[in-house]
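First the structure, in the form of structure tokens, and then the observations on it.
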Amino acid sequence: MRKTAFSASVATLLLATGMAVPAMAQTTPTEGAVTLGDVVVTAQRREQSLQDVPIAVTAFNAETLERTAATGIQDVAGKAPGVTLTQFNIGEPQIFIRGVGTTSDSAASDPSIGVSIDEVSIGRAGASSMAFLDVERVEILRGPQGTLYGRNASGGALNVYTKKPRFENSAQLTGRLGSFDERGVEAVLNRQLGEDTAGRLALRWNQNDGYAKNVPTGRGLEGGEQFGLRAQVLHNAGDWSFLGGVDYSKDDMQGHARVPVLASSTPPAFATLVNNLRAGLSVRQSFSSADNYQKRENWGLTGRAQWSGAEHFDVISLTSYRDNDYSWRDNLGGLPFPGFPLSVDDRASEAAKQFSQEFRLTSKSGSSIDWVAGVYMFREEVERSERFVVQTALPIAPPSFGGDTTFNQDATNSSYAVFGQATIPFANIWELTAGARWTHDEREVHQVALDNENGANAPPGIPLGPTGSPYNVTADATFEEPTWKLALAVEPIDNMRFYVSYDRGYKAGAFPSAAQTGAQATKPLRSELLDNYEIGAKTTLAGGRLRLNAAAFMLDYTDLQVYELLGLTLVTSNAEAEVRGFEVETALAVNHNVTIGGSYTQLDAEYTSNAVSGALALPYKGNKLPRSPESQFTLYADGQWDAFGGTLSARADYQWTNDFYFDPSNAPEVLVPSYGLISAFASWEAPSGLKVSVYGKNLGDEEYQQHIIKNASIGFSVFGAPRSFGVAVSKTF
């Protein structure tokens with residue numbers, strides 16, 4: 001089956017690239033040159049053509065974001081090679097790139113994929129999954145970014161850049177309606193406030209009733225209300241430029257509709273019980289509590305100052321403060337108790353504050369050697385609490401094993417770094433990039449495990465008991481590592497660039513959350529180290545009509561931080577792993593109006609060692625890394641024409657993901673079957689600035705799993721949204 005899917009995906013991609021090339025002969029000189037537009041990115045902290053950067057990068061500009069109806073990172077992640085994104089809840093998005101990612105929710109840990117907004121690194125995953133608001137560009141960098149991005153980019157980086165104030169007076173207002181009673185409003189106001197000053201205000205409100213239902217009450221799940229606002233002011237004063245911004249967002253969302261999915265390993269008695277309880281129900285009808293919720297409130301301040309008065313370099317200061325609060329409640333089984341002999345009511349809340357300061361020196365544009373150097377400081381304070389109210393019955397466990405337990409964490413995480421990188425051209429066609437970073441991380445944590453029944457029903461309730469016991473402990477640790485980047489690029493023929501690179505990535509050690517004992521709570525996991533060896537090509541062919549980029553890579557992981565839920569106990573450990581693979585991205589300008597393209601990824605990601613967690617040996621060796629499909633591909637067609645006195649635009653996308661395991665156990669119940677998603681968009685814009693857009697997502701009405709928690713050899717899953725449609729009407733002034 002996998003060979004068939006592999007062959008089909010390669011054949012489809014070839015049709016989208018090579019087979020379309022003969023159409024070039026149909027272009028006539030009178031039409032002018034047919035070329036792809038240049039893509040400008042800032043992956044190396046300066047503006048460069050995508051084709052000049054010796055990094056595997058995928059960029060989505062504002063036009064592409066609009067035409068894919070992207071409202072958040074979940075809408076673009078799956079369209080980049082080697083990227084998967086799943087979401088436990090609104091505060092815990094889980095991004096994996098080339099098999100590298102994390103599912104840790106500990107207050108004393110870092111994500112493996114660095115996420116930044118306007119160059120500000122976001123410390124907590126929950127503060128990064130906000131809705132897109134007036135976004136200029138999204139860049140996804142694959143492979144370790146240990147030099148310029150640092151400690152929490154061992155697997156890659158996802159960078160969001162918002163639109164900046166312009167020296168003009170303009171405005172845009174958009175109204176939106178869609179499936180599940182979706183309604184929304186978006187507005188952007190840009191004003192020139194003086195000869196050297198401009199301001200920009202953007203806001204977004206959206207609400208829907210949810211695409212799933214709670215069975216007993218009929219109340220909606222998987223919907224809710226979102227609001228976001230951003231204001232920025234830009235001021236130029238001679239050699240100085242100042243940009244200040246404030247943003248705020250609030251999410252008041254319904255809870256998950258979790259449902260059980262049976263596997264070959266599910267005991268027959270449980271399978272019969274689940275089938276009887278769910279007879280006649282769809283995957284988007286759940287017994288999850290109607291009282292489930294997901295809430296988040298997020299705000300931040302950012303100040304960017306740049307001085308260009310020196311002869312050979314610019315000075316940049318980037319200062320930011322961010323505040324993120326979220327809470328959620330989830331029924332992890334989605335089945336009624338005692339009809340099913342286990343009920344887990346999981347409730348969590350987190351408050352995080354972060355401050356960061358970065359100073360950079362960058363070479364002037366056009367310098368013979370492009371370089372950047374800087375220092376970085378980061379500090380965050382995180383208070384996290386998670387409560388489990390568990391009810392059990394035989395045959396899963398005696399009623400006494402249920403209970404009411406709470407895990408509290410109060411953590412302070414600090415990081416300091418100094419870094420530099422230079423790109424040196426030589427011998428006309430060669431270019432050497434060398435960079436290094438030294439990072440020092442500090443963690444302090446206070447961890448408390450409470451039996452809320454105060455021992456009245458010993459042992460303490462699951463997941464603390466029966467092997468664990470309450471504790472109140474403190475711990476601290478420091479970690480430091482050098483990271484580096486070496487890349488050699490050559491362009492023997494114009495627009496055909498090849499590179500080899502060696503990158504070291506690092507993620508600091510972490511203290512686990514929901515530990516079973518005080519000893520486990522005070523013993524940190526070791527730091528992750530990742531070596532990435534890569535060879536790639538960035539080519540622009542056929543007179544600028546065809547872009548074909550490719551990369552082959554090997555990732556060697558030392559002390560990968562691993563998290564697995566065994567029963568209701570979180571097991572943490574370090575293991576070794578290796579990833580091999582290749583990626584291809586392509587785009588072809590068929591004519592002046594139509595562009596087609598796609599991407600393909602092949603991954604072989606597996607553990608190369610077992611892992612040890614206390615006295616427990618975890619048989620991971622030879623298992624596939626979680627969230628690492630063996631193959632993925634995307635295809636798209638994008639067009640724009642003059643029609644009916646205005647501009648007609650259209651786009652269609654298809655993304656296919658091979659099956660993958662959700663956690664390191666590779667158990668049958670955590671296997672996500674392969675799936676494909678189809679989306680489409682069309683708009684017509686009048687010269688007056690009036691635009692009408694229609695779009696559809698998951699047009700094939702695919703049933704695909706977004707998250708899985710395993711227990712009793714059953715995968716308790718959350719399914720993605722079914723087929724949906726929307727219409728938007730906007731006016732630009």
Side-chain angles (χ1 to χ4, degrees), residues 13 17 38-45 48-61 64 73 76-85 95-101 112-116 137-149 153-159 421 423 431 433 435 483-491 496-505 530-540 547-557 579-587 597-605 627-629 631-634 655:
L13 188 62
T17 55
D38 192 24
V39 179
V40 176
V41 297
T42 53
Q44 297 192 120
R45 302 296 197 193
Q48 293 176 281
S49 168
L50 174 71
Q51 299 303 91
D52 292 338
V53 181
I55 301 172
V57 184
T58 299
F60 302 90
N61 61 19
T64 302
I73 59 177
V76 298
K79 293 179 172 61
V83 181
T84 61
L85 185 147
I95 308 172
F96 282 68
I97 297 179
R98 293 178 173 176
V100 178
S112 296
I113 306 301
V115 176
S116 70
R137 185 176 72 258
V138 178
E139 297 177 10
I140 300 179
L141 286 59
R142 301 184 295 281
Q145 307 299 319
T147 302
L148 299 179
Y149 296 90
S154 59
L158 191 153
N159 303 326
Q421 182 170 300
T423 298
E431 194 173 79
T433 299
T483 52
W484 56 79
K485 177 181 183 64
L486 292 171
L488 182 64
V490 61
E491 192 169 342
M496 296 189 66
R497 176 175 289 239
F498 305 92
Y499 68 90
V500 293
S501 65
Y502 168 41
D503 306 270
R504 163 63 65 91
L530 173 59
D531 289 314
N532 181 62
Y533 307 90
E534 186 166 325
I535 181 170
K538 300 284 187 79
T539 66
T540 305
R547 183 184 301 124
L548 182 62
N549 297 341
F553 51 87
M554 186 188 80
L555 285 69
D556 187 6
Y557 237 125
V579 182
R580 299 173 184 266
F582 67 88
E583 303 159 344
V584 178
E585 284 188 282
T586 184
S599 66
Y600 179 79
T601 306
Q602 179 77 17
L603 277 182
D604 181 11
R627 328 292 169 92
S628 303
S631 58
Q632 294 172 281
F633 72 84
T634 66
Q655 60 187 80

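By convention here, the first residue in the shown sequence is residue 1. Note that the coordinates shown come from a computational prediction; the quantities given were computed from them, not determined experimentally.
Among L530, N532, V579, the single residue meeting the side chain to side chain contact (heavy atoms under 4.5 Å, CB included) criterion with Y557 is L530. When each of T586, T634, N549 is tested with S599 by the rule side-chain hydrogen bond (donor to acceptor under 3.5 Å, both in side chains), just one qualifies, namely T634.
Distance CZ/R547 to OG1/T540: 6.0 Å, rounded to 0.5 Å. Rounded to the nearest 0.5 angstrom, E583 CD and E534 CD are separated by 7.0 Å. Put simply, CZ on F96 and CG on L85 are 9.5 Å apart, with the number rounded to the nearest 0.5 Å. T433 OG1 to Q421 CD: the interatomic distance, rounded to the nearest 0.5 Å, is 6.0 Å. The distance from atom CE of M554 to atom CD1 of I535, rounded to the nearest 0.5 Å, is 13.0 Å. Here CD1 of I73 is found 4.0 Å from CD1 of I95. Values are rounded to the nearest 0.5 Å.
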Item to check | Evaluation steps, side-chain contact (heavy atoms from CB on, under 4.5 Å), between L603 and F553 | outcome: CA-CA 10 Å; L603 277 182; F553 51 87; 3.7 Å; yes
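For A56 against R98, the heavy-atom pair with the smallest separation is CB-NH2, 3.5 Å. The two atoms that bring G82 and T601 nearest to each other are N-OG1, 3.0 Å, heavy atoms only. The heavy-atom pair separating N159 from Y149 by the smallest distance is ND2-OH, 3.2 Å. Taking each heavy atom of I97 and G156 in turn, the nearest pair found is CD1-CA, 4.2 Å. Minimum heavy-atom separation, A59 to V41: CB-CG1, 3.9 Å. Closest approach of A43 and V57 over heavy atoms only: CB-CG2, 4.2 Å.
With sequence neighbours excluded, the residues satisfying side chain to side chain donor-acceptor pair (under 3.5 Å) with D503 are K485, S501. For D531, the salt bridge (charged side-chain N to carboxylate O under 4.0 Å, His left out) partners two or more places apart in sequence, or in a different chain, are R504. Listed by chain and residue number, nothing satisfies the side chain to side chain donor-acceptor pair (under 3.5 Å) test with T84 (two or more places apart in sequence, or in another chain). Applying the ring-ring contact (aromatic ring centres under 6.0 Å, His included) rule to Y533 yields the partners Y502; only residues at least two apart in sequence or on another chain are considered. Applying the side chain to side chain donor-acceptor pair (under 3.5 Å) test to R45 and every residue at least two apart in sequence or in another chain returns nothing. Qualifying side chain to side chain donor-acceptor pair (under 3.5 Å) partners for E585, counting only residues two or more places apart in sequence or in other chains: T58, R142.
Side chains of V584 and F633 form no contact here, defined as non-hydrogen atoms less than 4.5 Å apart. F60 has its side chain out of reach of V39: every pair of non-hydrogen atoms, C-beta onward, lies at least 4.5 Å apart. Side-chain contact between V40 and R137: absent, with no pair of heavy atoms (C-beta onward) separated by less than 4.5 Å. Contact annotation: the side chain of K538 never approaches that of D52 to less than 4.5 Å [non-hydrogen atoms, C-beta and beyond].
At least one donor-acceptor pair closer than 3.5 Å links the side chain of T539 to the backbone N or O of L548. A donor-acceptor pair under 3.5 Å links the side-chain atoms of Q145 to the main chain of G143, judged by distance alone. A donor-acceptor distance shorter than 3.5 angstrom exists from the side chain of E139 to the backbone of T42, with no hydrogens or angles considered.
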